[in-house]
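My structure is below; once you've seen it, I'll send some questions.
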Protein chains: 2
Amino acid sequence: MDIQNTQSQMRKGVLEFCILSIIQQGEVYPSDIVEKMKLANLHILEGTLYPLLTRLKNAGLLNYRWVESISGPPRKYFVMTEEGKAAFEVLLKTWNEMTSAVNQLTQVTNPISTSEATAS
Amino acid sequence: MDIQNTQSQMRKGVLEFCILSIIQQGEVYPSDIVEKMKLANLHILEGTLYPLLTRLKNAGLLNYRWVESISGPPRKYFVMTEEGKAAFEVLLKTWNEMTSAVNQLTQVTNPISTSEATAS
DNA sequence: CACAATACATTGATTTACAATATATTATAT
DNA sequence: ATATAATATATTGTAAATCAATGTATTGTG
């Protein structure tokens, strides 16, 4: 167990969120996603991406259409479903709440003021 | 596969980071950690926490000392090693870089208002 | 001495990212 | 035509980690 492992875990946690976000911004095929993720320093491999896209498609969050390519086999271009857009909004809220909570937990200069810290 | 799964993944990714942060802020025993995580809406179970603390201890990031309790068996109070403090600084940097990247990727136009994050 | 409360710890199942490899399509060279 | 290279989708086997359930141990109380 080393730090790199923990860093890797951090990135894993947001993979689906980021990929949904990329697809929401416009139709893309898998290689586009790999490229955009790499630009954000969030590397993802094809062996990870294809099963993930299949899971999201089966869950009803994504759809795809075949598009002919001028230089190779046809590509699967992915788009968000309405359900996918709604799911992304929920995840965006979760992301903002979680980063806020983690920032409070990890970057406090004062002890956590738990005014509501009564028993469970 | 549903949204709750993805939300859960997000939280998993920052578990070790948050736990190191809690221990860095002061000696705690496992139940303290569970409680503090719950207050941050980042729930962790004992079956997850004990192996995780053992991993961090074996990796040289943590140490512990036994402390007698007035109402039950003795407790393991955990403290950071120097190596652990250094590792936490690295993870803090990773966290800030990653959140910045994800926020750019997801095109968050409004900064999170709850923290005074002016870092990096 | 039995029982409850507290605390540390392990086991088995499930999930999932990754590395390696497989399958399929198109264009180019010979 | 056929072989080869490039591009693209897809699967398999392995390893790591969380979780639910359960186990072990210590202390105090009736």
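The chains referred to below are lettered A, B, ... by the order of the sequence lines, with proteins before strands, and numbering in each begins at 1.
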Answer yes or no: is there a donor N or O on one side and an acceptor on the other, between the side chain of A:S100 and the main chain of A:N96, under 3.5 Å? no
Nearest-Å distance, CD (B:E68) to P (D:dT27)? 7 Å
At less than 4.0 Å, is any side-chain N or O atom of B:R75 found next to OP1 or OP2 of C:dA9? Yes or no. no
Compare side-chain N and O positions of A:N5 against OP1 and OP2 of D:dA15 and report whether any pair is under 4.0 Å apart. no
So, is B:Q9 near the phosphate of C:dT15, with a side-chain N or O under 4.0 Å from OP1 or OP2? no
Measure CG/A:L49 against P/D:dT11 and give the value in whole Å, please. 13 Å
Nearest to the A:Y50 side chain among D:dA8, D:dC19, C:dT10, which nucleotide is it? D:dA8
Side-chain N or O of A:Y29 closer than 4.0 Å to phosphate OP1/OP2 of D:dA8: yes
Go nucleotide by nucleotide along DNA chain D from the 5' end; which of A:G47 and A:P74 gets its closest nucleotide reached first? A:P74
Check the phosphate of C:dA9 against B:K76, side-chain N and O only, distance under 4.0 Å to OP1 or OP2. Yes or no? yes
DNA chain C nearest-nucleotide lookup for B:P73 and A:S69: closer to the 5′ end is B:P73
Between D:dA17 (P) and A:Q4 (CD): distance, integer Å: 13 Å
To the nearest Å, how far apart are B:L45 CG and C:dT11 P? 18 Å
Listed nucleotide nearest any side-chain atom of B:E46, set C:dA17, C:dA9, D:dT9: C:dA9
Rounded to the Å, how far apart are A:I33 CD1 and C:dA17 P? 14 Å
Please pick, from C:dC8, C:dA17, C:dT25, the nucleotide with the shortest atom-to-atom distance to any side-chain atom of A:R55. C:dA17
Rounded off to whole Å, could you give me the CD1-to-C1' distance for the B:I44 and D:dA17 pair? 11 Å
B:W66 CH2 to C:dA7 C1', in whole Å, measures 8 Å
In short, salt bridge (charged side-chain N to carboxylate O under 4.0 Å, His left out) pairs touching residues 19-45 of chain A with sequence neighbours left out are A:E27-A:R65
Shared ILVMFWY cluster between A:L92 and A:L20, side chains joined below 4.5 angstrom? yes
Under 4.0 Å between a side-chain nitrogen and a carboxylate oxygen: does that hold for A:K93 and A:E97? yes
Applying side-chain contact (heavy atoms from CB on, under 4.5 Å) to B:W95 and A:V102, what does each step give before you reach the verdict? CA-CA 9 Å; B:W95 167 253; A:V102 172; 3.5 Å; yes
Nearest-angstrom distance from the residue atom CE of B:M37 to P of D:dC19: 10 Å
